[in-house]
Q: 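Following this message is one structure expressed as structure tokens.
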Amino acid sequence: MQEKKEYKLIRCGRLYDGTCDAMHSNWEILVEDDRIQEVGARVTCPEGTKVIDLSDCTVTPGMIDAHVHFQHVNWQVRNRDAVYKGGVWRSMAYLYNARKSLYRGFTSIRCIGGSTFDYYGGIAAKNMINQGYFDGARLIVMPYYCCTPGSHGDHSQYLWENPYLSELQIKTAPTCGSGADFFRNAVRKEIKYGADFAKVFVNGGVSTPHDAPDDESMTKEEMAAVIETAHGLRVPVTAHVYSDQTMQKLLNLGIDGMEHGSFMTRATASRFEDSGTYLVPTLCCLNDAVHPDPEKLAQKAAHYREKLMKYSPQYIEGRKVILSSNIKLGYGTDFVANYHPYDHGREYECWIQNGVEPYRILRAMTKNNAEILRIDKDLGTIEVGKLADIAAWKRDPMTDPLAFCDCSFVMKNGNIYPTETSL
Ligand SMILES: [Zn+2]
């Protein structure tokens, strides 16, 4: 006997459906089980349809964050936890964060990896959520990124004053090493254990003590080995990158997209535009370099402050280039140093502060991110036939930069979950 279908009608005050730059007033969505059956000004409902009244809200597709690190829960002690917490803690952190994300209206998340072994906890969390054992956002996971010893991705760098301990710590990083063959093997193993994509750490960063944002910490051969191996197995590749020169190298190697891209020049932006390569600019976590807040900076380590000030002009210039370009932008938070990893709505506030037009941000959070995560066949827009991932917000995103910190309703795969606010 066929089971009876379940119908839900959502009455939307305003609907952003992800297909165009518009808010539809008083549209309705009919959901049949886990899929969207009809969308429009007036839809026809079968008998017994449950009505969900969101006429005082802005309704959007379930939001997507393309850059998170879910192995830690509290940013204030993250660097300490990276050393002192074990792999089981890190694995469980994925579940904790994924549930917080879902309850805050973010229904799909790309977990962009770590370097310290955690028993492939991200993959286990993804599967447990998919099989219904835990509430949580849908996870797209890359467990361990490819990086070299002493680079920004190598957490044993924090133990540099004690080489013995540092050497012990680096042994727990399965994809931290040197040489093209090492990385070919690393990528094959990652994919074997369920990685949805691969990532290379090719430049330094601000938060680590011994590298700089424009250091190139991988050779061209090493970058090529990762990209070629992953592409052979039909897996996309992204990169942690700041330097303009390094971005040019990665574009030559046919990389799918990049994270940060902060020191972008106009010539490089053109290559992104022409090739359709995406960029996840992670504006908020780097905002101190563009809009320094002396009070916040005073709480940071000396090396962090110094690097930030030194590279500030390049961050400011690069951000102008990125935001005035037509590069396909993704929305990613990378919250490891200023907010919790599930405070996804804070990035919206930052984009608005940097003068980005709301519809461009909305597109990044929905349609563009679904394409970046390669889930766009089923997600990212509210259209007939797609999975019913739907969120609603009481505050108006057109006028309120904190709108996406305050979720009023969330549905994933047609199921309704509790909501919570980040404010
Ligand atoms: Zn990151």
Side-chain angles (χ1 to χ4, degrees), residues 64-75 78-79 81-82 90 93-94 97-98 101 106 109-116 118 122 139-148 151-155 157-158 173 175-176 190 195-208 211-215 217-218 226 236-243 246-247 250 255-263 278-289 300 304 307-308 311 315 318-319 322 329-344 346-347 350 364 369 372-373:
I64 306 172
D65 189 331
H67 190 132
V68 306
H69 299 279
F70 269 4
Q71 304 90 331
H72 68 101
V73 286
N74 182 355
W75 67 269
R78 179 199 178 238
N79 290 347
D81 281 359
R90 271 191 282 281
Y94 272 95
N97 289 317
S101 299
F106 282 72
I109 302 289
R110 186 172 66 150
C111 300
I112 200 127
S115 64
T116 313
D118 62 7
L139 303 181
I140 304 300
V141 182
M142 188 268 306
Y144 312 111
Y145 44 66
C146 294
C147 66
T148 53
S151 71
H152 183 59
D154 172 13
H155 283 289
Q157 189 185 149
Y158 291 106
T175 52
C176 182
E190 286 299 282
D196 292 307
F197 62 103
K199 179 184 173 191
V200 283
F201 253 86
V202 289
N203 287 144
V206 180
S207 57
T208 34
D211 56 67
D214 51 3
D215 282 358
S217 52
M218 257 191 179
V226 172
V237 185
T238 190
H240 163 101
V241 57
Y242 293 110
S243 145
T246 314
M247 285 191 264
L250 292 166
I255 197 161
D256 303 87
M258 300 186 212
E259 315 298 305
H260 319 305
S262 307
F263 306 157
Y278 70 79
L279 178 74
V280 180
T282 66
L283 302 186
C284 183
C285 68
L286 303 165
N287 213 38
D288 283 349
K300 304 283 185 191
Y304 185 97
K307 273 197 261 183
L308 211 63
Y311 288 93
Y315 278 107
R319 183 165 293 191
I322 292 167
L329 296 183
Y331 179 97
T333 49
D334 199 13
F335 287 154
V336 292
N338 51 352
Y339 290 109
H340 294 309
Y342 44 80
D343 284 332
H344 311 283
R346 289 285 173 179
E347 181 79 6
C350 185
N369 265 3
I372 291 168
L373 272 64

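All ligand and atom numbering here is 1-based and tracks the order in the structure. Below, all heavy atoms of this structure are taken into account, side chains as well, without hydrogens, waters or symmetry copies.
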Q: Verify the distance test for H69 against the Zn ion (ligand 1): any N/O/S atom under 2.8 Å, yes or no.
A: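 Under 2.8 Å: H69 contacts the Zn ion (ligand 1) through an N, O or S atom.
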Q: Keeping D215 on the side-chain end and N203 on the backbone end, is there a donor-acceptor pair under 3.5 Å?
A: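 No, D215 side chain to N203 backbone: no donor-acceptor pair under 3.5 Å.
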Q: When rounded to the nearest 0.5 angstrom, what distance separates CG in D65 from CD1 in I109?
A: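 Atom-to-atom, D65:CG and I109:CD1 are 5.0 Å apart.
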Q: For the backbone of G113 and the side chain of Q71, can you confirm whether one donor and one acceptor N or O come within less than 3.5 Å of each other?
A: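 It does hold such a pair.
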Q: Starting from the Zn ion (ligand 1), look over the N/O/S atoms of D334 and name the nearest one.
A: OD1
Q: Under a 3.5 Å threshold, yes or no: a donor from one side chain and an acceptor from the other, between D81 and H72?
A: no
Q: Using a distance threshold of 2.8 Å, state whether an N, O or S atom of H240 lies below it from the Zn ion (ligand 1).
A: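 Checking H240: none of its N, O or S atoms is under 2.8 Å.
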Q: Decide, counting backbone as well as side-chain atoms, whether E259 has an N, O or S atom less than 2.8 Å from the Zn ion (ligand 1).
A: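 No.
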